[in-house]
Amino acid sequence: MHGFQVTFFTQQDRMHGHMPLAQWLLHEAKKLGIRGATLDGAIQGLGHDGAVHTTNMFDFSDQPVQVTMVVTVEELERLFTQLAQEQVHVFYMKVPVEFGTLGKLD
């Protein structure tokens, strides 16, 4: 299959409504029928504003996080329509990919 890998970059303490933005993105992916999404945390990152974001053992609120999804063109359109409707402000990267599944589940 062909589609896109979309990665959203944010911080742990960024909220959308009552939910951390990264968690909200995972929740929306599930609601939209996207087959999978991964949330990763980083130790340190440089934001688009030039600020260094970091985590330490006492405070995770500024931790850089990213949410990655591999989606079809149709899934991407549904996702970006939802983001526009919700007026989500988030930096993202979109790369064309070929994807599929090998083997079978036991």
Side-chain angles (χ1 to χ4, degrees):
M1 295 174 59
H2 290 89
F4 294 94
Q5 175 180 316
V6 182
T7 304
F8 299 94
F9 298 86
T10 187
Q11 292 88 241
Q12 182 65 34
D13 61 352
R14 288 266 323 272
M15 302 293 283
H16 184 73
H18 66 281
M19 189 179 257
L21 178 58
Q23 295 292 332
W24 183 85
L25 288 166
L26 290 176
H27 180 349
E28 289 302 305
K30 185 174 182 178
K31 275 181 29 181
L32 293 170
I34 293 172
R35 289 165 288 218
T38 301
L39 170 61
D40 292 308
I43 296 171
Q44 189 173 51
L46 179 63
H48 66 277
D49 59 356
V52 174
H53 300 278
T54 189
T55 185
N56 64 55
M57 66 173 41
F58 302 109
D59 183 13
F60 289 95
S61 65
D62 197 39
Q63 179 181 23
V65 295
Q66 58 191 45
V67 177
T68 302
M69 305 175 197
V70 176
V71 295
T72 65
V73 172
E74 295 80 17
E75 291 167 338
L76 180 73
E77 290 172 0
R78 288 196 317 266
L79 176 63
F80 275 60
T81 296
Q82 183 67 12
L83 293 173
Q85 287 175 351
E86 290 282 335
Q87 299 180 346
V88 173
H89 178 78
V90 64
F91 182 80
Y92 72 92
M93 174 182 66
K94 178 177 78 171
V95 181
V97 294
E98 179 179 325
F99 64 95
T101 302
L102 298 173
K104 65 177 188 168
L105 292 175
D106 292 327

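Quick note: residue numbers are just sequence positions, from 1.
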Using the side chain to side chain contact (heavy atoms under 4.5 Å, CB included) rule, take M1 and E98 through it: C-alpha gap first, then chi angles, then the decisive distance, then the call. CA-CA 6 Å; M1 295 174 59; E98 179 179 325; over 6 Å; no
Are F80 and F4, when compared by the centres of their aromatic rings, separated by less than 6.0 Å?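 Not under 6.0 Å, so no.
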Counting C-beta onward and ignoring hydrogens, is there a side-chain heavy-atom pair between [X] and [Y] closer than 4.5 Å?
{"X": "K31", "Y": "H27", "value": "yes"}
{"X": "P20", "Y": "R14", "value": "no"}
{"X": "D40", "Y": "V65", "value": "no"}

Checking side chain to side chain contact (heavy atoms under 4.5 Å, CB included) for the pair T68/Q5: CA distance, chi angles, key distance, verdict? CA-CA 7 Å; T68 302; Q5 175 180 316; 3.7 Å; yes
Take T10 and F91 through the side chain to side chain contact (heavy atoms under 4.5 Å, CB included) test and state the conclusion after the steps. CA-CA 7 Å; T10 187; F91 182 80; over 6 Å; no
Roughly how far, to the nearest 0.5 Å, is the [atom2] atom of [Y] from the [atom1] atom of [X]?
{"X": "T72", "Y": "I34", "atom1": "OG1", "atom2": "CD1", "result": "8.0 Å"}
{"X": "Q12", "Y": "L21", "atom1": "CD", "atom2": "CG", "result": "10.0 Å"}
{"X": "M69", "Y": "L26", "atom1": "CE", "atom2": "CG", "result": "6.5 Å"}

Audit row: E75, L32, side chain to side chain contact (heavy atoms under 4.5 Å, CB included) steps and yes/no: CA-CA 8 Å; E75 291 167 338; L32 293 170; over 6 Å; no
Of the options T7, V71, V6, which is the one that meets K94 in a side chain to side chain contact (heavy atoms under 4.5 Å, CB included)?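 Going through T7, V71, V6 one by one, the side chain to side chain contact (heavy atoms under 4.5 Å, CB included) with K94 is satisfied by V6 alone.
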